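From a predicted model like this one, the values you see are computed outputs, not experimental measurements. We count ligands from 1, going down the list as the structure has it; atoms in each ligand are counted the same way.
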Amino acid sequence: MDWPIITKSLASYQPPPNFVDYQQTCADFSWDAVRKELDGLPDGRGLNIAHEAVDRHADGSAAEKVALRWLGKQGEVKDFTYADLKAQSNRFANVLRTLGVGKGERVFSLSARIPQLYFAVLGSLKNGSVFCPLFSAFGPEPIAQRLERGNGRVLVTSERLYRKKVAKLRSSLPQLEYILLTDSDEDQADNVLSLSRLLADASPTFIIPPTDPEDMALLHFTSGTTGKPKGAIHVHNAVLTHYLTGKYVLDLHPDDIFWCTADCGWVTGTSYGIIAPLVNGVTNLVDEADYEAERWCRNLEQHRVNVWYTAPTAIRMLMRGGMKPREKFDLSRLRLVHSVGEPLNPEAVVWGEEALGLPIHDNWWQTETGGIMIANYAALDIKPGSMGLPLPGIEAAIVHKTAGGGVELENQPDCEGELALRVGWPSMFRGYLHDDERYRQCFVDDWYITGDLAQRDADGYFWFVGRADDIIKTSGHMVGPFEVESALMEHPAVAEVGVIGKPEPMIGELVKAFVSLQSGVVESEELRLELLGFARKKLGSAVAPKEIEFTDNLPKTRSGKIMRRLLKARELGLPEGDTSTLED
Ligand code: ATP
Ligand code: MG
């Protein structure tokens, strides 16, 4: 099915979107102008993310506005104003200073989404230290690897996580000097200290030292979907992208309540779970609990969320549960819903219209890009299945690498090639940790080659085809798994699909789909044949899967991405490679 375009009636958007005319906004764009909308540190001392996110609001008229609304697992609700957040992050910065932890030194976290984690991120940035958040569900091995590779000197964690996962590693991590426990009132041996005690003893005032926009600020490991996670280095200047995407993509307005469901353990949870909403001065909701359909819908209703940023897996889980949230919950405050992390099937975009009363706005970016690069916008029509248009200020292109080591731009519409971004946007990663060679290989001429394949249509909308690594070569065709997955998703019995190419001597690779069914649907040979026929009708026999296997659970990263490389390794009986980010 060709999905009809979802047109926007701007009259129904209140408040009006932050930009309406895309072409004009792009034509007028300059990063210098964006920089001027921010403060900079007083007396020309540079640019610091935490100053822009917190202090500039706390020092102005928004001091008493709620910056962070924290929802605890047990139903607690705690509000922190911008002034509170300033004081608490100052305290954390002072704790680091007292411990002798300075500029450029690495502070890691292994923590649930609790308020101290947010104080720690912002306080570390104020101190000029580099923050590296880890998923609290990582096992000891991935934790040790990352702490070692990232040269972690401080770890913020809980007593339980420390005892269970870190204590035994201490002897092999000599550079890891301080453990700051978020839930212990007493200091212990071996520099295992009580963070609440340290925070209580620290001064709530702190002057941010000079910060060069190019100073390293954050270290984020990629999701490990295609291989061993890479450590991407980001600098303070990234805040320009965080600010701009908060304004133009998330379309944040001063009175908004914003909720990003991502965990801080991956880049979305920091760029959009902390920085972008705060830099834009809105109220940022944080839920300590993990996904649970009823709870999430209740959050949207009770906390009157206006703008919601989530991921395709969560949306597919809601779809799978057969839920129509707006029949049961008052979602009248919700103005915009966004999704990132994986291709968003057109089915899901349209489901949003019916079940939430709003279409879902897909956007695309990577750990390496630091912020949203291609998006659907409040004011613009949505083509379901498309990632949308480049952010004003970003030049995206479809390119082909040439034999001479350069790139050639693909100017024909609807032609597939590598998705590339012209270098120079503020949140571009500045390196892969300990892997300069790999970093260099990402760039050809002045293009950053993303590793994803895409198409651009005649209206300039970008369409995801697949990761370069996942592309299937079958009988002389190149097949992107997303196309096949989306077609199968249209069948009412199907909840989720992962598609791989399975080596086959005659045709190169055979398209194989792993399908998990909607709850209540029973697998049968009849259904398998029906799905094969259904896909053939939609896709044609060259592209349609030749094999379908039912599975209850597709292997996914902890951030919810289908790990096609694991489906393939398991199918072929090959080693699974790095599984540190595989969900339990
Ligand atoms: P690794 O690089 O370690 O294999 P990863 O690429 O999954 O892991 P991330 O940086 O978290 O790590 O994810 C970025 C990738 O996620 C993109 O390159 C793209 O493949 C995919 N992605 C993100 N958003 C979208 C989207 N809206 N549509 C399609 N794919 C997306
Ligand atoms: Mg990647």
J.: Nearest to atom 29 (C) of ligand 1, what protein heavy atom do you find, and at what distance?
T.: Pro343 N, 3.2 Å
J.: Taking the inter-plane angle between the rings of Trp425 and Tyr448 on a 0 to 90° scale, is it parallel (under 30°), tilted (30 to 60°) or perpendicular (over 60°)?
T.: tilted
J.: I want to confirm something. Looking only at heavy atoms, which of Trp364, Trp365, Phe462, Phe429 is nearest to atom 25 (C) of ligand 1?
T.: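 Looking at heavy atoms only, the winner is Trp364.
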J.: Answer with side chain, backbone, both or neither: which part of Phe464 has a heavy atom less than 4.0 angstrom from an atom of ligand 1?
T.: side chain
J.: With atoms numbered from 1 as shown, which atoms in ligand 1 lie under 4.0 angstrom from a non-hydrogen atom of Thr367?
T.: 9 (P), 10 (O), 11 (O)
J.: Which residue holds the protein heavy atom closest to atom 17 (C) of ligand 1, what is that atom called, and what is the gap in Å?
T.: Asp452 OD2, 3.2 Å
J.: Please state which protein non-hydrogen atom is closest to atom 11 (O) of ligand 1 and give its distance, to 0.1 Å?
T.: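 Ranking protein heavy atoms by distance from atom 11 (O) of ligand 1, first comes Ser223 OG, 2.6 Å.
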J.: Indicate, as side chain, backbone, both or neither, the part of Asp362 found under 4.0 angstrom from ligand 1 when only non-hydrogen atoms are considered.
T.: side chain
J.: Do Lys568 and Glu509 meet the salt-bridge criterion of a basic N to acidic O distance under 4.0 Å?
T.: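 Salt bridge: yes.
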J.: Of all the atoms in ligand 1, which lie at a distance below 4.0 Å from a heavy atom belonging to Val340?
T.: 24 (N)
J.: Tell me the protein heavy atom at minimum distance from atom 26 (C) of ligand 1, and give that distance in Å.
T.: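 The answer is Glu342 O, 3.4 Å.
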J.: Does even one non-hydrogen atom of Gly341 get within less than 4.0 Å of ligand 1?
T.: yes
J.: For Lys561, is there an ion pair with Glu583 - N to carboxylate O distance below 4.0 angstrom?
T.: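 No, this pair does not count.
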J.: With a 4.0 Å cut-off on heavy atoms, does Phe482 reach ligand 1?
T.: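 It does not; every heavy atom stays at 4.0 Å or beyond.
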J.: What are the atoms of ligand 1, with element, lying closer than 4.0 Å to any heavy atom of Lys230?
T.: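 Once the distances to Lys230 are compared, the set is 1 (P), 2 (O), 3 (O).
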J.: Tell me whether Arg430 is salt-bridged to Glu214, with the criterion being a basic N under 4.0 Å from an acidic carboxylate O.
T.: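 Result for this pair is yes, salt bridge flagged.
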J.: With a cut-off of 4.0 Å, which atoms of ligand 1 are near a heavy atom of Trp266?
T.: 11 (O)
J.: Verify the distance criterion only: is there a donor paired with an acceptor across the side chains of Trp259 and Asn306 at less than 3.5 Å?
T.: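 Their side chains do not contain a donor-acceptor pair, so the 3.5 Å distance test is not met.
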J.: Decide whether Thr557 and Ser559 meet the rule of one side-chain donor and one side-chain acceptor closer than 3.5 Å.
T.: yes
J.: Of the protein's non-hydrogen atoms, which lies at the shortest distance from atom 4 (O) of ligand 1, and what is that distance?
T.: Thr226 OG1, 2.4 Å
J.: Identify whether the distance between the nearest side-chain nitrogen and carboxylate oxygen of Lys556 and Glu496 falls below 4.0 Å.
T.: yes
J.: When the ring planes of His338 and His361 are compared, do they come out parallel, tilted or perpendicular, using 30° and 60° as the limits?
T.: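 Rings of His338 and His361: tilted, 30 to 60°.
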J.: Counting from 1, what ligand 1 atoms have a heavy atom of Thr225 closer than 4.0 Å?
T.: 1 (P), 3 (O), 4 (O), 5 (P), 7 (O), 8 (O)
J.: Looking only at N/O atoms, are Gly224 and ligand 1 under 3.5 Å apart anywhere?
T.: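 Looking only at distances, the answer is yes, because the N/O contact criterion of under 3.5 Å is met.
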J.: Specify whether Tyr22 and Phe19 have parallel, tilted or perpendicular ring planes, treating 30° as the upper limit for parallel and 60° as the lower limit for perpendicular.
T.: tilted
J.: For atom 16 (O) of ligand 1, what's the nearest protein heavy atom and its distance?
T.: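 Result: Lys561 NZ, 2.9 Å.
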J.: Do any N/O atoms on Ser339 end up under 3.5 angstrom from N/O atoms on ligand 1?
T.: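 No; the residue has no nitrogen or oxygen that sits under 3.5 Å from a nitrogen or oxygen of the ligand.
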J.: I'd like to know if Glu485 pairs up with Arg564 as an ion pair, taking the criterion as any Lys NZ or Arg NE/NH1/NH2 lying under 4.0 Å from an Asp or Glu carboxylate oxygen.
T.: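 Answer for the salt bridge query: yes.
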J.: Under the rule for salt bridge (Lys or Arg N to Asp or Glu O under 4.0 Å), what residues qualify as partners of Glu354, not counting sequence neighbours?
T.: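 Testing Glu354 for salt bridge (Lys or Arg N to Asp or Glu O under 4.0 Å), a comparison that skips the adjacent residues, returns Lys324.
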J.: Only heavy atoms count here, so choose which of His220, Arg467, Glu368, His361 is nearest to atom 15 (C) of ligand 1.
T.: Arg467
J.: For Asn363, is the nearest heavy atom under 4.0 Å from an atom of ligand 1?
T.: yes
J.: Examine Lys228 against ligand 1 and note whether any of their N/O atoms are separated by less than 3.5 Å.
T.: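 In fact, backbone or side chain, Lys228 has no N or O that close.
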J.: Which pairs pass side-chain hydrogen bond (donor to acceptor under 3.5 Å, both in side chains) with one or both residues in residues 369-391, sequence neighbours excluded?
T.: Lys383-Asp457, Lys383-Asp459
J.: Between Tyr309 and Phe258, what is the ring plane arrangement, given parallel below 30°, perpendicular above 60°, and tilted in between?
T.: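 Geometry flag for Phe258 against Tyr309: tilted rings.
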J.: Determine whether any heavy atom of Thr450 lies closer than 4.0 Å to an atom of ligand 1.
T.: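 Heavy atoms of Thr450 never come under 4.0 Å of ligand 1.
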